[in-house]
Enquirer: 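There's a structure below that I have some questions on.
Hydrogens, waters and symmetry mates play no part in the numbers below; they use all other heavy atoms, side chains included. The model shown is predicted, which means the values in this text are computed figures rather than measured ones. Lettering follows sequence order; numbering is per chain, from 1.
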Amino acid sequence: MGEDADARKINHGFLRDHGYVTEADVISTVEFNHTGELLATGDKGGRVVVFQREPESKNAPHSQGEYDVYSTFQSHEPEFDYLKSLEIEEKINKIKWLPQQNAAHSLLSTNDKTIKLWKITERDKRPEGYNLKDEEGKLKDLSTVTSLQVPVLKPMDLMVEVSPRRVFANGHTYHINSISVNSDCETYMSADDLRINLWHLAITDRSFNIVDIKPANMEDLTEVITASEFHPHHCNLFVYSSSKGSLRLCDMRAAALCDKHSKLFEEPEDPSNRSFFSEIISSVSDVKFSHSGRYMLTRDYLTVKVWDLNMEARPIETYQVHDYLRSKLCSLYENDCIFDKFECAWNGSDSVIMTGAYNNFFRMFDRNTKRDVTLEASRESSKPRAVLKPRRVCVGGKRRRDDISVDSLDFTRKILHTAWHPAENIIAIAATNNLYIFQDKVNSEMH
Amino acid sequence: MWLRLLPRGLPHFRVPCPGLHSTCYGVCLFMLGKGGKRKFDEHEDGLEGKILSPSDGPSKVSYTLQRQTIFNISLMKLYQQRPLSEPSLQRTVLINNMLRRIQEELRREGSLRPAGPAPAAAPAPPGGLGGCREAPPPAPGPAAPPGDPAPLEACLTPASLLEDDGDQDTFCTSPAAAAAAAVQPAAPARLPSPALPPEKDSFSSALDEIEELCPTPTSAQAAASATLAAAAAAATDGSKGGAAPPKPDGLLLPEARPDDPKLMDSLPGNFEVTTSTGFLTDLTLDDILFADIDTSMYDFDPCTSAAGAASKVAPVSADDLLKTLAPYSSQPVAPSQPFKMDLTELDHIMEANYQLSRAVRNRSNCSCSPTSSLHTCHLL
């Protein structure tokens, strides 16, 4: 395994060697590809770093494959909108992998305005034995050429090349918050605050607008689109969530413009929990279809909810992520933490759901056993190969040792982006500018 | 059992990343919590420990207090300047919805009160940008001399602010001093020197209107309201030909009933409000002076407003504003007491309104004139 790592030539051009933290290194998205072999992260500086899992060595079956840096490239650059005199951030909002169709890997990465299709290819052979050029590439003196030879391919150090294949620009007036590749592998959609566009992966100069919730009078605007995703199996279905806590399932067969939803998923407000912030905390920050396609997972500020596509009235399951924050909403509103957008994730078998919280905590909920656990992603509390210890937040009352009190939570350390390997129990957690990858040793296989 | 796999090849940084939130609140004496703090303030628990509903009897005041706090926080958030990149539309919309909801509540509470006297001849001023913005901070002291000078000073402060441009103290103290001086004829003289030449004529015409309508107390407030509207119209008249005007906004905010005699009796003694709002007023002055202002937004004449803007405007009695600010007043609140609502507060509401609509309008990529686009950095 060691020699494999050395043999790879990784493009270190964009890696920084700093000992201090820069804003550009804050990880803004994490995504496994469809096999789980590759893990892509995007950061605030517009860079994408792709990790590849080491194949398990036959010699050492105990050591599970670890993730190495596979490729790093600058996906987006900061731009300036001259009309509005505003900067366009280069922060990568979302990365989505395309299903692999040949030896190359492709992914879509997007910032606020522009989506790019990147193709990642490997080169590990090069031709040798040209007739006209010598080994260094200089032209040979023709008088020295006495015979013809056929160039042969010889192995070389692995080189990972990344090239932008498509740039989908000028499709959005507002900030893109999500992209989703369709199961037909030909189209994908991009959603901003008010509109959703459908693109063809090969066509960059036009897109179809399939949802438009912009009101005629912008002063009447009260609701924005917060996330959207295609159904994993039905290429005509997609869902989008709103800032008012509703989900709309739309069928593209019904009309060209899917402003009218096919299904509206909305939970009536709980009158006992009403407060000034009810609307804000009901805003859905992330929506994910289950792998089966039967359920949806949504994250709002305090809860994660599992919805059955067949029932619109209310979610079938609701899990409290950090209900102890309910009495702190005013402070959280004041320091803007209430607008944090947490993501959520399913495991491969749809039996466990995961989401992040504050203080570098993340939570997992087992849907079958109804048990949940709080874990912490930090360098202090987890050495490599150390077992993560469950954490607890105490809200007054009995306090055990190692409990954290609500008032000592660090709200600058938040886990917004998490990803779960599609098949195994491996999770990737982005804690500000650090990437943590955890693996469930005991239950490596799905059960 | 979860183990950690160390991803190799990526340097790890030890120092926590600073500045995850680029929000900064500046000075605000009004807020109970300190802006920008990441951990909870212990003393804030008292305020937000309970989820209050309006029906709680004895805790109604604290509910109102909480509501007012949130209202002010929301205003502060909208005032925040982000010169580099566009603020999140979702955040703006949610804050705006919060403001609207509180406003709705206030209006509903206000509708329980008896209606005021018949409206004056002046057009209803739901609020506008130019004149309203610089309405005077309250004079310290329980009651100004009944009638003329205080309200007129209130109306005329815009000009003084335009002259003094950026002197915050002047904002706070000069109206009070002027109110004490109580010289009515002298006041109009201050008006005709606004910063923008195009506005001068309109201000003069506004002056004329004022002179027609004052000096009696009952009509003084009508004059004040007329000035508010006129000054607003003045600001807009001066710069017609701006971007395609959006419909007058549906963001309804508490506004002074032009016919409410309590409006002009005296100004509240909330000096804290003065300071904070004065600060905020200062921020918006540039926008007023240099921004391309659309006429339609400030055309509050019920006869001419497009899209039934005037019909959307439901003036809220000053009393409910009074009631809202009651917890902050050091003086006991009584229905017969002079109106305590700070006009500056009203202006701020209007300004936030304007800012939001400008932000969304700019965002909607309509035909903004180059002038206005250059100054979008002053906005949200």
Side-chain angles (χ1 to χ4, degrees), chain A residues 10 17 20-21 23 25-26 49 51 66-69 83-87 89 173-175 193 217-222 224 226 243 274-276 279-280 283 327-331 333-336 339 375 382 384-388 407 411-413 432-442, chain B residues 1-13 15-17 19-21 23 31 33 35-42 44-45 47-49 51 53 66-67 69-70 73 84-86 88-91 93-94 97-98 246-247 249-251 357 360-365 368 373-374 376-377:
Chain A
I10 297 169
D17 219 16
Y20 58 89
V21 163
E23 281 268 318
D25 296 311
V26 174
V49 180
F51 298 85
E66 295 203 349
Y67 283 83
D68 283 348
V69 175
L83 183 66
K84 301 179 190 173
S85 298
L86 292 171
E87 265 191 18
E89 285 184 9
T173 309
Y174 304 95
H175 290 182
D193 292 317
N217 182 0
M218 277 299 274
E219 281 97 0
D220 295 337
L221 179 65
T222 58
V224 297
T226 52
S243 58
R274 233 171 59 83
S275 77
F276 287 109
E279 189 199 354
I280 298 183
S283 173
S327 58
K328 311 282 184 191
L329 291 178
C330 198
S331 304
Y333 178 64
E334 187 195 336
N335 63 16
D336 266 4
F339 299 109
L375 301 171
S382 57
R385 309 246 164 241
V387 176
L388 281 183
D407 298 313
F411 290 84
T412 58
R413 292 160 66 216
T432 313
N433 48 10
N434 288 325
L435 181 71
Y436 294 87
I437 301 177
F438 299 107
Q439 183 167 19
D440 190 358
K441 250 311 197 191
V442 173
Chain B
M1 222 185 18
W2 289 91
L3 308 187
R4 178 164 172 221
L5 302 182
L6 188 71
R8 296 205 287 262
L10 189 69
H12 288 282
F13 301 108
V15 180
C17 179
L20 281 176
H21 291 301
T23 60
M31 287 163 60
K37 278 196 71 152
R38 299 295 161 223
K39 306 224 174 164
F40 290 131
D41 273 337
E42 296 294 341
E44 279 184 338
D45 286 357
L47 173 65
E48 44 184 340
I51 310 285
S53 65
Q66 188 182 27
R67 178 174 64 190
T69 309
I70 295 170
I73 294 174
L84 286 182
S85 62
E86 278 179 283
S88 156
L89 184 63
Q90 181 201 4
R91 179 175 171 271
V93 165
L94 288 172
N97 289 352
M98 174 80 83
K247 303 251 169 61
D249 86 58
L251 294 179
S357 47
V360 296
R361 183 157 51 85
N362 283 335
R363 233 183 280 277
S364 62
N365 208 16
C368 297
S373 68
L374 279 175
T376 51
C377 58

Enquirer: How far does CD1 of B:I70 sit from CG of A:L329, to the nearest 0.5 angstrom?
Expert: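 CG of A:L329 is found 9.0 Å from CD1 of B:I70.
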Enquirer: For A:S283, which residues count as a side-chain hydrogen bond (donor to acceptor under 3.5 Å, both in side chains) partner, sequence neighbours excluded?
Expert: B:Q90
Enquirer: With sequence neighbours excluded, what pairs up with A:E89 under the salt bridge (charged side-chain N to carboxylate O under 4.0 Å, His left out) test?
Expert: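 Once residues adjacent in sequence are excluded, A:E89 has no partner under the salt bridge (charged side-chain N to carboxylate O under 4.0 Å, His left out) criterion.
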Enquirer: Quick check: closest heavy atoms across B:N97 and A:L221, and the distance to 0.1 Å?
Expert: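 Minimum heavy-atom separation between B:N97 and A:L221: OD1-O, 4.3 Å.
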Enquirer: With rounding to the nearest 0.5 angstrom, report the OH to CG distance, A:Y333 to B:L94.
Expert: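 One gets 8.5 Å once the value is rounded to the nearest 0.5 Å.
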Enquirer: Run the numbers on A:H175 and B:L89 for side-chain contact (heavy atoms from CB on, under 4.5 Å), then give the verdict.
Expert: CA-CA 8 Å; A:H175 290 182; B:L89 184 63; over 6 Å; no
Enquirer: Please report the C-alpha distance between A:D336 and B:R91 in whole Å, then the side-chain angles of each, then the deciding distance to 0.1 Å, and finally whether the side-chain contact (heavy atoms from CB on, under 4.5 Å) criterion is met.
Expert: CA-CA 9 Å; A:D336 266 4; B:R91 179 175 171 271; 2.9 Å; yes
